[in-house]
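These figures come from a predicted structure and were not determined experimentally.
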Amino acid sequence: MTYYSSDIKKDLTHLEKCKYFDEWLDIVKEILLNDEFQKRKYFRHHKGRLWDHVTEVSYYSFLMAKVHHADSKVCAIAGLLHDFYPKAYKYSKELDEIDHDYVTDVKKKQSIFKMHGFSHAEAAAINSKKYFPNLVDDKIFSIIKTHMFPLNISKIPKYKEGWIVTYVDKKLSIGLINKIRYMIDKDKKTVDY
Ligand SMILES: [Fe+2]
Ligand SMILES: [Fe+2]
């Protein structure tokens, strides 16, 4: 089972390169090279890999932060870790082979508020702090914890960067990546692909 690779660029070919790509990579390299984080290549997310989803949210949040004069480093880190929950919510054979503990028992009945959509943001914040205590400060913790707004109506993003990550996550989850590119290009004329 070879999920781990130190050649992270090879696993980022889904991101459209712009002149800020290397700056983004420098910020998030430590996370991308982490063994636990690389297991997200085997976590499923909608129809693809969680790895692809979180790297996209991170990269496009980072770019949008540049456009909107927010903290792009915070957006890059929080975007990458926003779905770093410890257990997969969809079955994956590869993950089961690494360790059965990664697999949630989907047959187990749960109250609605314990279901993935409601519970994973807080679980991801706690897990992120556990693996990356040097990178996850109170602000990043809060952004991860509130990223499911408005599904989690009581957890409202407190920071501009939190609204960016929440927004980009929603757009990408419904397949609107082109719209994000368009919006960044059009609004600020600056991100310069
Ligand atoms: Fe999420
Ligand atoms: Fe997400």
(request) Specify the closest pair of heavy atoms between Leu151 and Phe118, including all atoms of both residues, with the distance to one decimal. (result) O-CE2, 3.6 Å
(message) Applying side-chain contact (heavy atoms from CB on, under 4.5 Å) to Leu63 and Tyr20, what does each step give before you reach the verdict?
(response) CA-CA 8 Å; Leu63 292 179; Tyr20 296 109; 4.0 Å; yes
(message) Cation-pi check for Phe43 against Lys90: NZ or CZ below 6.0 Å from the six-membered ring centre and within 45 degrees of the axis, yes or no?
(response) no
(message) Nearest 0.5 Å, please: how far is CG in Leu95 from NZ in Lys93?
(response) 12.0 Å
(message) Surrounding CG of Asp99 (heavy atoms of other residues, nucleotides or ligands, distance under 6.0 Å), is the total greater than 12?
(response) yes
(message) Please give me the minimum heavy-atom distance between Ala65 and Ser72, naming the atom from each residue.
(response) CB-CA, 3.6 Å
(message) Once rounded to the nearest 0.5 Å, what's the spacing between atom OG1 of Thr2 and atom NZ of Lys41?
(response) 8.5 Å
(request) Would you mind reporting whether Ser173 and His45 have side-chain heavy atoms less than 4.5 Å apart? (result) yes
(message) Between Glu36 and Asn127, does the side-chain hydrogen bond (donor to acceptor under 3.5 Å, both in side chains) criterion hold? Intermediate values first, please.
(response) CA-CA 11 Å; Glu36 177 62 23; Asn127 203 40; 5.1 Å; no
(message) For the CD1 atom of Ile77 and the CZ atom of Phe62, what is their distance to the nearest 0.5 Å?
(response) 11.0 Å
(message) Salt bridge check, Lys9 against Asp22: does any charged N sit closer than 4.0 Å to a carboxylate O?
(response) yes
(request) Hey, could you give me the CD1/CG distance between Ile143 and Leu81, rounded to the nearest 0.5 Å? (result) 11.0 Å
(message) Heavy-atom count check: over 12 atoms from other residues, nucleotides or ligands less than 6.0 Å from Lys73 NZ?
(response) no
(request) Any pair with a residue in residues 145-161 that passes salt bridge (Lys or Arg N to Asp or Glu O under 4.0 Å), sequence neighbours left out, goes on the list, sorted by first then second residue, please. (result) Glu122-Lys155, Lys139-Glu161
(message) How long is the straight-line distance from CD of Glu56 back to CG of Asp52, given to the nearest 0.5 Å?
(response) 6.5 Å
(message) Could you check whether any side-chain heavy atom of Lys87 comes within less than 4.5 Å of a side-chain heavy atom of Tyr102, counting everything from C-beta outward?
(response) no
(message) So, taking the atom named CD1 in Ile144 and the one named OG1 in Thr166, what distance separates them when rounded to the nearest 0.5 Å?
(response) 11.0 Å
(request) Answer yes or no: is there a side-chain heavy-atom contact under 4.5 Å between Tyr167 and Met64? (result) yes
(request) With the side chain counted from C-beta on, respond yes when Leu50 and Phe84 share a heavy-atom pair under 4.5 Å apart, and no when they do not. (result) no
(request) Without swapping roles, check the side chain of Ser61 against the backbone of Val57 for a donor-acceptor pair under 3.5 Å. (result) yes
(request) State yes or no: are the ring centers of Trp51 and Tyr42 separated by less than 6.0 Å? (result) no
(request) Just do the ring pair (Phe, Tyr, Trp, His ring centres under 6.0 Å) check on Tyr131 and Phe37 with the steps written out, would you? (result) CA-CA 9 Å; Tyr131 281 94; Phe37 192 83; 9.8 Å; no
(request) Taking ring-ring contact (aromatic ring centres under 6.0 Å, His included) as the test, write out the residues that go with Phe21, two or more places apart. (result) Trp24, Tyr59
(request) Begin with the C-alpha distance, continue with both residues' side-chain angles, and end with the deciding distance and a verdict on side-chain contact (heavy atoms from CB on, under 4.5 Å) for His82 and His53. (result) CA-CA 10 Å; His82 81 281; His53 169 66; 3.3 Å; yes
(request) Mind listing the closest non-hydrogen atom pair of Ser58 and Ala76 along with its distance? (result) OG-O, 2.7 Å
(request) Just jot down the side chain to side chain donor-acceptor pair (under 3.5 Å) partners of Tyr159, sequence neighbours excluded, or say none. (result) none
(message) Ignoring hydrogens, what is the shortest heavy-atom contact between Val136 and Ser128? Give both atom names and the distance.
(response) CG2-O, 3.7 Å
(message) Looking at Arg49 and Asp11, is there a salt bridge between them, counting it only when a charged N and a carboxylate O are closer than 4.0 Å?
(response) yes
(message) Between Glu23 and Lys19, does any NZ, NE, NH1 or NH2 come within less than 4.0 Å of an OD or OE carboxylate oxygen?
(response) no
(message) I need the minimum non-hydrogen distance between His100 and Asp96, along with the two atoms involved.
(response) ND1-OD1, 2.7 Å
(request) Decide side-chain contact (heavy atoms from CB on, under 4.5 Å) for Ile8 and Leu25; before the verdict, give the C-alpha distance in whole Å, the side-chain angles of both, and the deciding distance to 0.1 Å. (result) CA-CA 9 Å; Ile8 42 178; Leu25 194 57; 4.0 Å; yes
(request) Please report the shortest heavy-atom distance between Arg44 and Tyr89, naming the atom on each side. (result) O-CE2, 4.1 Å
(message) For Leu135 and Ile140: C-alpha separation, side-chain torsions, deciding distance, then whether side-chain contact (heavy atoms from CB on, under 4.5 Å) applies.
(response) CA-CA 8 Å; Leu135 296 176; Ile140 290 177; 5.8 Å; no
(request) Determine yes or no for a side-chain-to-main-chain donor-acceptor pair under 3.5 angstrom, with Lys170 supplying the side chain and Phe149 the backbone. (result) yes
(message) Measuring centre to centre across the rings, with the benzene-like ring taken for any Trp, is His147 within less than 6.0 Å of His120?
(response) yes
